[in-house]
Amino acid sequence: MKYWLMKTEPSTFSIEDLARAPKRTTCWDGVRNFQARNMLRDDFAKGDLAFLYHSSCDVPGIVGVMKVSRPGYPDHTAFDPDHDHFDADSRREEPRWFMVDVTLERRFSRVIKLEMLRAHAARELAGMQLLRTGNRLSVMPLDEVHWKFILALE
DNA sequence: GCCAACGTTGGC
DNA sequence: GCCAACGTTGGC
């Protein structure tokens, strides 16, 4: 089993939205970066666990845990000309973008703030992609040791 | 609102 | 293949 971190802007889609969704499940659409696409398509497996991260908000940080409930499949929002995530270069016969389904496992009792993660950047969380300057991937893998350490921060 | 960092695009 | 221009991300 693998571990992931997935970013979302809560003003667009938050953990509250996921908690209210049918079966607490959503398709993770709209990823339009090739490196992230490759991971969604090739590396995500059913049963993998992912941290849900709120970005571009008052208190950026990890807010809960999700489980991958369906592995990579074509992102249909790319086919819809009326959708924000439409991409004319993605065709049904040859989809360019992929997504997974995620199901909310648990909301944290408090936000594990980015600030708190940074405090451990030089030691326990050394090498964590999220903490690398300029990292803009919205989906990234996480080491098991980092996953466990972060869980203990709650 | 600012700005650093990075990905993408397109001219050559 | 290079690289400048541009757009986006995302913390502050």
Side-chain angles (χ1 to χ4, degrees), chain A residues 2-21 26-44 48-66 68 71-102 104-143 145-147 149-154:
Chain A
K2 294 183 291 296
Y3 299 95
W4 305 95
L5 183 142
M6 304 172 81
K7 294 180 190 171
T8 181
E9 298 188 18
S11 59
T12 304
F13 186 83
S14 70
I15 193 166
E16 288 81 10
D17 296 322
L18 183 53
R20 280 193 298 263
T26 188
C27 57
W28 202 263
D29 65 299
V31 174
R32 295 293 181 267
N33 168 285
F34 289 105
Q35 216 181 324
R37 186 279 310 269
N38 293 346
M39 291 189 273
L40 290 171
R41 186 188 58 190
D42 305 331
D43 300 332
F44 274 65
D48 284 355
L49 294 174
F51 283 140
L52 179 51
Y53 180 90
H54 279 176
S55 66
S56 294
C57 56
D58 282 351
V59 185
I62 298 168
V63 292
V65 175
M66 308 183 291
V68 177
Y73 64 106
D75 181 342
H76 54 75
T77 64
F79 305 139
D80 179 0
D82 295 327
H83 201 285
D84 282 349
H85 299 145
F86 175 65
D87 180 358
D89 291 332
S90 185
R91 286 166 292 114
R92 289 181 188 276
E93 318 86 69
E94 199 180 342
R96 169 182 277 199
W97 304 115
F98 284 72
M99 60 188 180
V100 298
D101 287 356
V102 285
L104 182 62
E105 284 276 298
R106 189 163 76 82
R107 294 179 68 162
F108 289 153
S109 52
R110 58 177 186 143
V111 180
I112 301 177
K113 300 176 186 174
L114 175 61
E115 182 185 42
M116 203 185 313
L117 300 175
R118 283 206 193 286
H120 299 279
R123 295 180 57 97
E124 295 92 343
L125 297 179
M128 187 180 172
Q129 279 197 43
L130 180 76
L131 304 179
R132 270 196 16 229
T133 47
N135 173 66
R136 293 163 49 198
L137 276 180
S138 64
V139 160
M140 64 189 83
L142 208 62
D143 291 346
V145 281
H146 291 166
W147 175 275
F149 179 79
I150 291 167
L151 275 182
L153 290 175
E154 185 190 4

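Residue numbers begin at 1 in each chain, while the letters A, B, ... track the order of the sequences. Computation of the quantities below employed the complete heavy-atom set of this structure, encompassing side-chain atoms and omitting hydrogens, waters and symmetry-equivalent molecules. Please read these numbers as outputs of a predicted model, since none were measured by experiment.
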Checking Asp75(A) against Arg32(A) for the salt bridge (Lys or Arg N to Asp or Glu O under 4.0 Å) test, could you report, in this order, the C-alpha distance in whole Å, the side-chain angles of both residues, the deciding distance, and whether it holds? CA-CA 10 Å; Asp75(A) 181 342; Arg32(A) 295 293 181 267; 2.9 Å; yes
Heavy atoms of Leu104(A) and Arg107(A) approach each other most closely as CD2-CG, 3.9 Å
Once base and sugar-phosphate atoms are separated, protein heavy atoms under 4.0 Å mark nucleotides 2-12 of chain C, 5' to 3', with B, S and - as -----BBSBSS
Are Val139(A) and Phe44(A) close enough, and set up right, to give a side chain to side chain contact (heavy atoms under 4.5 Å, CB included), and what steps lead you there? CA-CA 10 Å; Val139(A) 160; Phe44(A) 274 65; 3.5 Å; yes
_Any heavy-atom pair between the side chains of Met140(A) and Arg132(A) that's under 4.5 Å?_
no
**Asked** Parallel, tilted or perpendicular: which describes the rings of Trp28(A) and Phe13(A), with under 30° parallel and over 60° perpendicular?
**Response** perpendicular
